[in-house]
Amino acid sequence: MRYSRYFLFTSKEKPTGAHCMSHSNLLRGCFVSQLAAGIYSFLPLGFRVLKKVWKIIEEEMDRIGALEVLMPAIHPSDLWEKTGRWETMDNVMFKFQDKKGTKMVLGTTHEEIITDIVSKFVKTYKNLPLLLYQIQVKFRDEIRPKGGLIRAREFIMKDLYSFHTSWECLDRTYEEVYKAYIRIFKRLGIPVEVVEAFSGPIGGDVSHEFMVITEAGEDKFAKCTLCGYSASTEIAQIQKKQISYQYKPIGNIQKIHTPNVSSVKQLVDFLNRKETDFVKSILYRSGGKYILVLIRGDKEVNDIKLSKFLGSDFSLAEEDDFTKIGSVKGFIGPIGLENKVQIVADYSVYGLKNIIVGANEKDYHYVEIDYDNILISDFYDLAIVNDGDVCPKCGGEYKIYPSLELGHIFKLGTKYSEPLGAFFTDKDGKVKPIIMGCYGIGVSRILSAIVEMYSSEGSTTWTFNTAPFFVELITINVDDENQYNVSENIYNQLINSDIEVIWDDRKESAGVKFKDWELIGIPLCLVVGAKISRNIVELKFNPRFGKTLPESEARKLIPEGLSVELDVSEVLPTIKNVYTSLNKIYNEK
RNA sequence: CGGGGUGUAGCUCAGACUGGUUAGAGCGCGUGCCUUGGGAGCACGAGGUCCGCGGUUCAAGUCCGCGCACCCCGACCA
């Protein structure tokens, strides 16, 4: 490809509105272009990268026997109503009506559709197991899209669905998909962490997320520094505590004036105490009862953990609930409410002495309270884990990492097959619901993830299998006939050797060409300049390309100083050699 | 949904507070010269519904009202 004929309009300036590096680089490198909030076009260069990611996913899906389909992006409401998700996913759905007034939705995901398809055709155990997947556009009307492709409202996703006669069979497929995902991310050059995860409204009980560690993400996971166990902070538990608790009502209670000071943060400043000297009290309604949850001031309640204890039907109390139980929002505390609410505490409250709690009176707190002065009905693990919390597997310490979710695999069971009537006749002649799994990968998001991994502002680095071209050929002075002719010759040789090359044949200054090379993230750069009079050209490596490789390989392939001078006759063999070595690392069966 | 910000040339932004000729800069774009190993230089030039609608005024990019879009923080998020 000749640069002069390509669609490539790079930007020297950092775009406004791009607040993370990958977003900025993808815009500046002319990979994508924004149409509306969270809605992007893939431009020729970006689409090349997308297709490369796409292809690797297809290859690995093929390898586990999954069959590719393409389902509609527009769905009528009926299937969604059958599973109840017309309501439960309403907050992210783009809904509209067709000209007949039929309710429609832009597909947020495709469990309903694929299950419907399978239910029409698969009637016997003889046709199972079955794996179907697609790479398709998904629509989610996120309230706040951000980070470019990281959280978009229209995005590309790979979704695989598996269908089984038994849980054992699902388990085996789940394992295979897990391994396929590991291979996919390895081939893409993305270091992923697999973490146990919450399966959420999609259903099922087991799930794993494939995360990359980056500040640009929107999730967090906890990893044990000792045994390596890791889990999303949505579900990460801590080691159970031995509780030996006896209620000792306090005789002489001390109250202090805290005018208009209610949040822990404000109290810390006002009283000059530590966050851990406070116990927060959070009031919930559940099944007509009130539950007061106590938690140490530095911690946050994990609603998912709480729902295990309260059931799914609970909500935060509102203003008038506080009045009903004789308390005040902002100053609620456990002492004095013993008869009106059930009091449960997070483990973090256990053993605390000389703490401060709300006095159920506007502008007042109680001080010098011990944990056993509070009537607590039970202690549970209810908090979102922090650094230093104790791993339930080995007693080691957790560390929390910011992360971006690239893949998520679920065991669904019969959540969709039953309501949508996907049944099969088993060997024993009985009709049973098909057991399902589903497995997603955020394909477009992967582009952002790779850029976040290895690039810096204004200088992108793609990995071997994702780089839009393998070599950028730069001719310093295209008016120099010798430089031009040698370049053209090398360009043709590379094409004939199936090495993807973009030739910067523009009449631009050298600086412009080098900056663009770095911005668009091509691994190798071959420079044809004045030294061509001595038959010498220079081969340069992208500044961070080595980081995308295993260290030993990087040492072997990449010269010190990232650059080497070559005789023209050595160019093709050298590039081919690097290409073959990398291909072996990333694409060997 | 709450809080905040922004909207002027293709891009990044000044001008607005205190209304007043023909609305500016840098970059980019075009032409010519020069230059060709890290976004070079000189000259000339093209390019604007100042987000939209309404209002105040002799006069609105500027003031007022309504709306829209985009961005940020929070809430939300298979």
Side-chain angles (χ1 to χ4, degrees), chain A residues 9-20 23-24 27-28 30 33-39 80 83 85 88-93 107-112 138-148 150-153 155 157-161 197-204 207-209 217-220 232 234 300 303-304 316 404-412 415-416 437-442 445 458-459 474-480 483-484 504 506-519 525-532 536-538 540 543 563 565:
Chain A
F9 305 92
T10 57
S11 163
K12 215 187 285 194
E13 304 199 53
K14 192 176 160 185
T16 42
H19 292 263
C20 70
H23 189 189
S24 173
L27 290 169
R28 290 179 59 181
C30 205
S33 163
Q34 179 171 339
L35 176 63
I39 300 179
W80 289 90
T83 59
R85 294 210 294 180
T88 58
M89 288 189 82
D90 181 71
N91 57 341
V92 292
M93 283 175 151
T108 52
T109 173
H110 285 76
E111 281 81 9
E112 277 79 357
K138 300 280 193 260
F139 300 90
R140 292 190 197 165
D141 193 3
E142 300 284 356
I143 298 154
R144 194 147 82 78
K146 71 181 182 196
I150 286 176
R151 190 199 323 194
R153 294 195 296 168
F155 59 99
M157 179 165 165
K158 188 275 317 183
D159 43 327
L160 165 68
Y161 305 90
F198 179 54
S199 49
I202 199 163
S207 91
H208 287 92
E209 283 173 338
E218 35 193 15
D219 291 316
K220 282 181 180 162
S232 159
E234 289 185 313
E300 296 294 329
D303 284 348
I304 292 168
L316 266 178
L404 177 64
E405 177 189 346
L406 296 183
H408 201 158
I409 60 180
F410 302 83
K411 293 180 187 177
L412 294 174
K415 184 183 163 99
Y416 297 97
C438 82
Y439 318 84
I441 290 181
R445 177 181 274 188
S459 172
I474 289 182
T475 307
I476 297 292
N477 183 1
V478 291
D479 290 334
D480 179 313
Q483 286 186 34
Y484 188 88
D504 195 339
R506 292 173 303 165
K507 200 175 153 62
E508 287 286 353
S509 75
V512 171
K513 296 179 180 181
F514 284 122
K515 288 290 179 193
D516 275 347
W517 166 56
E518 287 184 13
L519 191 53
C525 174
L526 188 71
V527 189
V528 178
K531 289 174 196 153
I532 201 63
I536 299 288
V537 296
E538 185 187 358
K540 290 158 77 87
S563 155
E565 290 194 345

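Keep in mind that what you see is a predicted model, and the values were worked out from it rather than measured. Below, each value reflects all heavy atoms present in this structure, side chains not excepted, and no hydrogens, waters or symmetry copies. Letters go in sequence order (proteins before strands), and every chain restarts at 1.
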(request) Let me know the distance between CG of L35(A) and P of rC71(B), rounded to the nearest Å. (result) 11 Å
(message) If you only use heavy atoms from C-beta on, which nucleotide in rC70(B), rC77(B), rG38(B) is closest to the side chain of R153(A)?
(response) rC70(B)
(message) Could you identify the nucleotide paired to rA59(B), looking across every strand shown and requiring Watson-Crick or G-U wobble geometry with both distances under 3.5 Å?
(response) none
(message) Taking rC11(B) as the reference, what is the distance to rU49(B) when you measure between their P atoms (whole Å, please)?
(response) 12 Å
(message) Regarding M157(A), tell me which of base, sugar-phosphate or nothing describes its non-hydrogen contacts under 4.0 Å with the strands shown.
(response) base
(message) Output the rounded distance in Å from NZ (K146(A)) to C1' (rC70(B)).
(response) 16 Å
(request) Describe the nucleic acid contact of T16(A) in one word from base, sugar-phosphate, nothing, applying a heavy-atom distance below 4.0 Å. (result) sugar-phosphate
(request) For rC58(B) and rG19(B), measure between their P atoms and round to the nearest Å. (result) 15 Å
(message) Tell me whether K220(A) is salt-bridged to E300(A), with the criterion being a basic N under 4.0 Å from an acidic carboxylate O.
(response) no
(request) With heavy atoms under 4.0 Å as the rule, sort V92(A) into base, sugar-phosphate or nothing. (result) nothing
(message) Can you confirm whether M89(A) sits close enough to T109(A) that some side-chain heavy atom of one is under 4.5 Å from a side-chain heavy atom of the other?
(response) yes
(message) Work out how far the P atom of rG4(B) is from that of rC66(B), and round it to whole angstrom.
(response) 14 Å
(request) Determine the Euclidean distance between corresponding C1' atoms of rU18(B) and rU35(B); express it in Å to zero decimal places. (result) 49 Å
(message) Using a heavy-atom cut-off of 4.0 Å across all strands, would you classify Y161(A) as base, sugar-phosphate, or nothing?
(response) nothing
(request) Report yes if the side chains of V527(A) and W517(A) come closer than 4.5 Å at any heavy-atom pair, otherwise no. (result) no
(request) Would you mind reading off the distance between E218(A) atom CD and rG74(B) atom P, rounded to a whole angstrom? (result) 11 Å
(request) Let me see the working for I474(A) and C525(A) under side chain to side chain contact (heavy atoms under 4.5 Å, CB included), right down to the final yes or no. (result) CA-CA 7 Å; I474(A) 289 182; C525(A) 174; 3.6 Å; yes
(message) Counting the atoms with a prime plus P, OP1 and OP2 as sugar-phosphate, which does E508(A) contact under 4.0 Å by heavy atoms, base, sugar-phosphate, or nothing?
(response) base
(request) Specify the separation, in whole Å, of atom CG of L519(A) and atom P of rG38(B). (result) 18 Å
(message) Only pairs with both distances under 3.5 Å count, Watson-Crick or wobble alike; so what is the partner of rC33(B) in this structure?
(response) rG41(B)
(request) Examine the base of rG39(B) for any acceptor or donor lying under 3.5 Å from a partner atom in the side chain of E13(A), and report the outcome as yes or no. (result) no
(message) Between rC72(B) and rA59(B), how far apart are the two C1' atoms, rounded to whole Å?
(response) 37 Å
(message) Please evaluate residues H110(A) and K138(A) with respect to the criterion side chain to side chain donor-acceptor pair (under 3.5 Å), reporting the C-alpha separation (whole Å), side-chain torsions for both, the decisive distance (0.1 Å), and the verdict.
(response) CA-CA 9 Å; H110(A) 285 76; K138(A) 300 280 193 260; 2.8 Å; yes
(request) Could you please name the partner base of rU6(B), counting Watson-Crick and G-U wobble pairs only when both distances are under 3.5 Å? (result) rA69(B)
(message) From C-beta outward on N477(A), which listed nucleotide comes closest to its side chain: rG74(B), rC77(B), rU36(B)?
(response) rU36(B)
(message) If I take atom NZ in residue K507(A) and atom C1' in nucleotide rG30(B), what distance separates them, rounded to the nearest angstrom?
(response) 15 Å
(message) Classify G17(A) by what it touches in the nucleic acid, base, sugar-phosphate, or nothing, heavy-atom distance under 4.0 Å.
(response) sugar-phosphate
(message) Pick the closest RNA chain B nucleotide for G147(A) and for I441(A) by heavy atoms, then say which residue is nearer the 5' end.
(response) G147(A)
(request) Taking atom P in both rG52(B) and rG61(B), compute the distance separating them and give it to the nearest angstrom. (result) 10 Å
(request) Give the rounded distance in Å between these two atoms: CZ of R506(A) and P of rG39(B). (result) 14 Å
(message) For a quick check of understanding: with a heavy-atom distance under 4.0 Å over all strands, which category does L27(A) fall into, base, sugar-phosphate or nothing?
(response) nothing
(request) Identify, between D516(A) and H23(A), the residue whose nearest nucleotide on RNA chain B lies closer to the 5' end. (result) D516(A)
(message) Within the 4.0 Å heavy-atom criterion, would you say A18(A) contacts the bases, only the backbone, or no part of the nucleic acid?
(response) nothing
(request) Provide, to the nearest angstrom, the distance between the NZ atom belonging to K14(A) and the P atom belonging to rC71(B). (result) 15 Å
(message) Please classify the nucleic acid contact of K513(A) as base, sugar-phosphate, or nothing, using heavy-atom distances under 4.0 Å.
(response) nothing
(request) May I ask you to verify if any side-chain N or O of R151(A) is less than 4.0 angstrom from the OP1 or OP2 atom of rC77(B)? (result) no
(request) Name the nucleic acid region contacted by D159(A), choosing base, sugar-phosphate or nothing; use a 4.0 angstrom heavy-atom cut-off, strictly under. (result) nothing
(message) Side chains of F514(A) and I476(A), heavy atoms from C-beta outward: is any pair under 4.5 Å?
(response) yes
(request) Using Watson-Crick or G-U wobble geometry with both distances below 3.5 Å, tell me the partner of rG24(B), or none. (result) rC13(B)
(request) Measure from the side-chain N and O atoms of T475(A) to the backbone N and O of Y484(A), and report whether any donor-acceptor pair falls under 3.5 Å. (result) no
(request) Could you check how far CZ of F514(A) sits from P of rG39(B), rounded to whole Å? (result) 11 Å
(message) Check this for me, if you would: do E111(A) and K415(A) make a salt bridge, where the nitrogen-to-carboxylate-oxygen distance has to be below 4.0 angstrom?
(response) no
(request) Could you work out the separation of rG65(B) and rC70(B) based on their P atoms and round it to a whole Å? (result) 23 Å
(request) Searching all strands shown, indicate the nucleotide that pairs with rU49(B) (Watson-Crick or G-U wobble; both distances under 3.5 Å). (result) none
(message) If the cut-off is 4.0 Å, is Q483(A) near the phosphate of rU36(B), judged by side-chain N/O to OP1 or OP2?
(response) no
(request) Go ahead and name the base partner of rC1(B); Watson-Crick or wobble counts if both distances stay under 3.5 Å, otherwise write none. (result) rG74(B)
(request) Using the C1' atom as the reference point in each nucleotide, state the distance between rG47(B) and rU8(B) in Å, no decimals. (result) 14 Å
(request) Go through the N and O atoms of the side chain of K12(A) and the base of rG26(B), and report whether any donor-acceptor pair is under 3.5 Å. (result) no
